[in-house]
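Atoms within a ligand are numbered from 1 in the order they appear, just like the ligands themselves. No hydrogens, no waters, no symmetry mates; every other heavy atom, side chains included, goes into these values. Values in this document were obtained by computation on a predicted structure and should not be read as measured data.
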Amino acid sequence: MREDLSPLFASFTCGSLKIPNRFVMSPMTRKFSPDGVPGDDVAAYYKRRALAKVGLIITEGVGVDHPSAVGHGSMGEENIPVMHGEAALAGWRAVVEEVHAAGGKIIPQLWHMGGIRQEGTPPHPSAKSMRPNDMSEADIADIIEAFIRSAVNAKTIGFDGIALHGGHGYLIDSFLWSGTNQRDDMWGGDIERRSRFAVELVKALRAAVGPGFPILFRISQWKLQDYEAKLAETEADLALIVGALAAAGVDIFDVSTRVFSLPAFAGSDLGLAGWIRKLSGKPTMTVGSIGFDKELAASFAQPTSAIDNLGEVLRRFNAGEYDLVALGRALLMDSAWVLKVQIGRDFEPFDVTAYGRLD
Ligand SMILES: Cc1cc2nc3c(=O)[nH]c(=O)nc-3n(C[C@H](O)[C@H](O)[C@H](O)COP(=O)(O)O)c2cc1C
């Protein structure tokens, strides 16, 4: 028999955001927005999850208002939506209205791919890709402005907050990580200086959106270039990064791990979300292999099964490791996953072809 999962169905409030339960849809790139414009199919896709009791939806990564923001990346991304221009904003407004009408909440993940964007790829092939080592002061200022414009657009059309993609080796993370930031000025060097771009960005965004409008920040140890990479080798290093970001205005840390239940540092069972909650004093969201026996990368190549590991999710939640529980593949493959948890039904089987569909 399933354990009492009612703690996961308690409401959660953060500033102006109130959600009815703790289940969140993790950001997932879908590549279904030609010319950067999300259409009716994208709205229907998110609405289905809102109708089926997903407490909060974080959208796929959405390009910020700069020519270098998105292009082809590790998976040859095309048709990635953006958060600027009349057509894209009208498309997003319809998405927000549909999700709200279905009783849901929705926050866009603002994305700049940095050096992971392949040079010369659309939608702006002539833009140079941004890598911390060769960015000028003007580049840095321009990108911060681009995030601000996009965040203000998101707020204006009715989104319930903003989420920053600060993980996986993309632009923000590439400043944080020593493997991609060898600057020796105020934007690089020790951890405090490597954190400066993220901190200044969050401060600027907080000033632009005002108090009470939630800012989520995705953070990860792992990078697309290197799954074994560590942003923070020690708890003390992690404390410096998340402490500075919390002071700058982050409300919730979206802690991206590949397996949510793995200890983050030797000598303790605490997962990364638990550490960040403890070190930052801010709410955290966990993610990674909830509902599956294999993590994302392995699931492309190895037989993978849907499983019920909610007992471990609940145990760590009750121990105070995190406030929110995010689902990636589970909600891609089974839009009714949260509803099925609530009413005690079996989940859909694992289906790798779902990565390429929008249903
Ligand atoms: C098809 C697909 C696209 C993804 N795109 C993004 C993205 O745009 N931004 C992001 O931060 N993570 C992205 N992710 C990672 C997920 O948000 C999530 O962290 C990961 O799938 C692990 O969770 P899971 O084990 O529940 O699937 C993507 C994952 C999948 C499967």
If you measure from each non-hydrogen atom of Leu296 to ligand 1, which part falls under 4.0 Å: side chain, backbone, both or neither?
side chain
Just jot down the ligand 1 atoms closer than 4.0 angstrom to any heavy atom of Tyr355, in number order.
31 (C)
Does a donor on one side chain and an acceptor on the other come within less than 3.5 Å for Asp139 and Ser136?
yes
Can you find an N or O of Glu60 that's nearer than 3.5 Å to an N or O of ligand 1?
no
Where does Arg30 meet ligand 1, judged by heavy-atom distances below 4.0 Å: at the side chain, the backbone, both, or neither?
neither
Check whether the side chains of Ser26 and Arg218 place a donor and an acceptor atom closer than 3.5 Å, and report yes or no.
yes
Consider ligand 1: state whether an atom of it lies below 4.0 angstrom from any non-hydrogen atom of Ala330.
no
Are side-chain N/O atoms of Glu348 and Trp337 paired as donor and acceptor at under 3.5 Å?
no
Please find out if less than 6.0 Å separates the ring center of Phe300 from that of Tyr355.
yes
Selected option - heavy-atom contact closest to atom 12 (N) of ligand 1, from Arg218, Met28, Lys294
Arg218
Is there a donor-acceptor contact under 3.5 Å linking the side chains of Glu98 and Tyr45?
no
Do any N/O atoms on Arg258 end up under 3.5 angstrom from N/O atoms on ligand 1?
no
Return a yes/no value for Leu327: is any of its N or O atoms, backbone included, closer than 3.5 angstrom to an N or O of ligand 1?
no
Cation-pi geometry met for Arg22 and Phe317 (6.0 Å, 45°)
no
Polar atom proximity, Ser26 to ligand 1 (N or O, under 3.5 Å)
yes
Nitrogen or oxygen atoms of Trp111 and ligand 1 under 3.5 Å apart:
no
Between Trp187 and Phe175, what is the ring plane arrangement, given parallel below 30°, perpendicular above 60°, and tilted in between?
perpendicular
Which atoms from ligand 1 have a heavy atom of Gly61 less than 4.0 Å away?
8 (O)
Between Ser299 and Arg329: side-chain donor-acceptor atoms closer than 3.5 Å
yes
Ligand 1 to Gln109, heavy atom cutoff 4.0 Å, flagged ligand atoms 7 (C), 8 (O), 9 (N), 10 (C), 11 (O)
